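First up is the structure itself, then whatever we jot down about it.
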Amino acid sequence: MRYIALLILVVKFFIPVEKTLAQEKMPKPKAILNHIALYVVDLNKATTFYEEVFELEKIPEPFHDGKHTWFSLGSAGQLHIIQGANGQCIFDKNEHLCFSVGSVNVFVKALKSKNISFENWAGNVGGITLRADGVKQIYFKDPDGHWLEVNDAK
């Protein structure tokens with residue numbers, strides 16, 4: 001009889017604790033990036049820039065109002081370009097979008113062919129930053145002055 005009473009106590013008090021501990025160990029749902037939105041003055045100019053410089057693929061957007069362009073960023077999400085900004089803003093280089101490419105050197109040649117100026121982190125025009133981990137980086141601006149980084153991180 002005592003063993004049955006003890007077993008009931010174990011079931012009552014320890015099983016729920018185990019479930020609670022197991023539930024606490026379950027990973028919480030993580031947020032994933034859906035999209036990045038850039039507010040621009042001239043939608044056509046910005047759309048052309050991102051299509052030509054980064055070869056991004058346009059995807060359908062639901063508004064069909066001539067004020068939006070949406071691009072796929074693959075598994076990273078989407079880039080939404082939205083027309084309506086009043087004018088050029090000054091953006092800090094620390095606030096930038098970063099794209100990784102197979103080769104910064106090849107990307108730099110493409111920028112030069114399009115007469116797009118770039119710089120390293122220190123601001124030296126035509127310079128390439130070499131991070132401590134060996135990743136090469138360059139920085140430049142889109143037509144609205146948003147800073148962009150391109151690197152060769154794997």
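Heads up: numbering here begins at 1 and tracks the sequence. Values in this document were obtained by computation on a predicted structure and should not be read as measured data.
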Does any part of the side chain of [Y], heavy atoms only, come nearer than 4.5 Å to the side chain of [X], both counted from C-beta?
X	Y	answer
V53	L148	no
L33	L73	no
E51	K58	yes
L111	V150	no

Looking at every non-hydrogen atom in both residues, tell me the closest pair between [X] and [Y] and how far apart they are.
X	Y	answer
K93	G123	NZ-N, 3.8 Å
V41	Q83	O-CG, 3.4 Å
S72	I59	CB-CG2, 3.7 Å
A37	I82	CB-CD1, 3.9 Å
V108	I128	CG2-CD1, 4.3 Å
K67	L43	C-CD2, 3.6 Å

How long is the gap from [atom1] on [X] to [atom2] on [Y], to the nearest 0.5 Å?
X	Y	atom1	atom2	result
D42	I81	CG	CD1	11.5 Å
K154	S100	NZ	OG	8.5 Å
K136	N120	NZ	CG	13.0 Å
N151	T129	CG	OG1	10.5 Å
F71	Q78	CZ	CD	11.5 Å
Y50	E55	OH	CD	15.0 Å

| Identified ring pair (Phe, Tyr, Trp, His ring centres under 6.0 Å) counterpart of H96 within the set Y139, W147, F91 |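 The residue from Y139, W147, F91 that satisfies ring pair (Phe, Tyr, Trp, His ring centres under 6.0 Å) with H96 turns out to be Y139.
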
Establish whether [X] and [Y] are linked, either directly or via other cluster members, by ILVMFWY side-chain heavy-atom contacts under 4.5 Å.
X	Y	result
I116	V40	yes
V101	F140	yes
F118	L97	yes

Between the side chain of T47 and the main-chain N/O of N44, is any donor-acceptor distance below 3.5 Å?
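No, because the side chain of T47 does not come within donor-acceptor range (under 3.5 Å) of the backbone of N44.
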
Query raised in the report: When you look at W121 and N94, which way does the side chain to side chain contact (heavy atoms under 4.5 Å, CB included) test go after all the steps?
Result: CA-CA 10 Å; W121 179 254; N94 284 298; 3.2 Å; yes

Can you confirm whether more than 12 heavy atoms, excluding those of N86, are under 6.0 Å from its CG atom?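 Counting other residues, nucleotides and ligands, CG of N86 stays at 12 neighbours or fewer.
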
**Message:** Parallel, tilted or perpendicular, judged at 30° and 60°: which one describes the rings of F54 and F107?
**Reply:**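 Ring orientation of F54 relative to F107: parallel.
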
### Message
Tell me whether the rings of W70 and F63 are parallel (<30°), tilted (30 to 60°) or perpendicular (>60°).
### Response
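W70 and F63: perpendicular rings.
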
query: Under 4.0 Å between a Lys/Arg side-chain N and an Asp/Glu carboxylate O for D133 and R131?
result: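 Yes, charged N to carboxylate O under 4.0 Å.
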
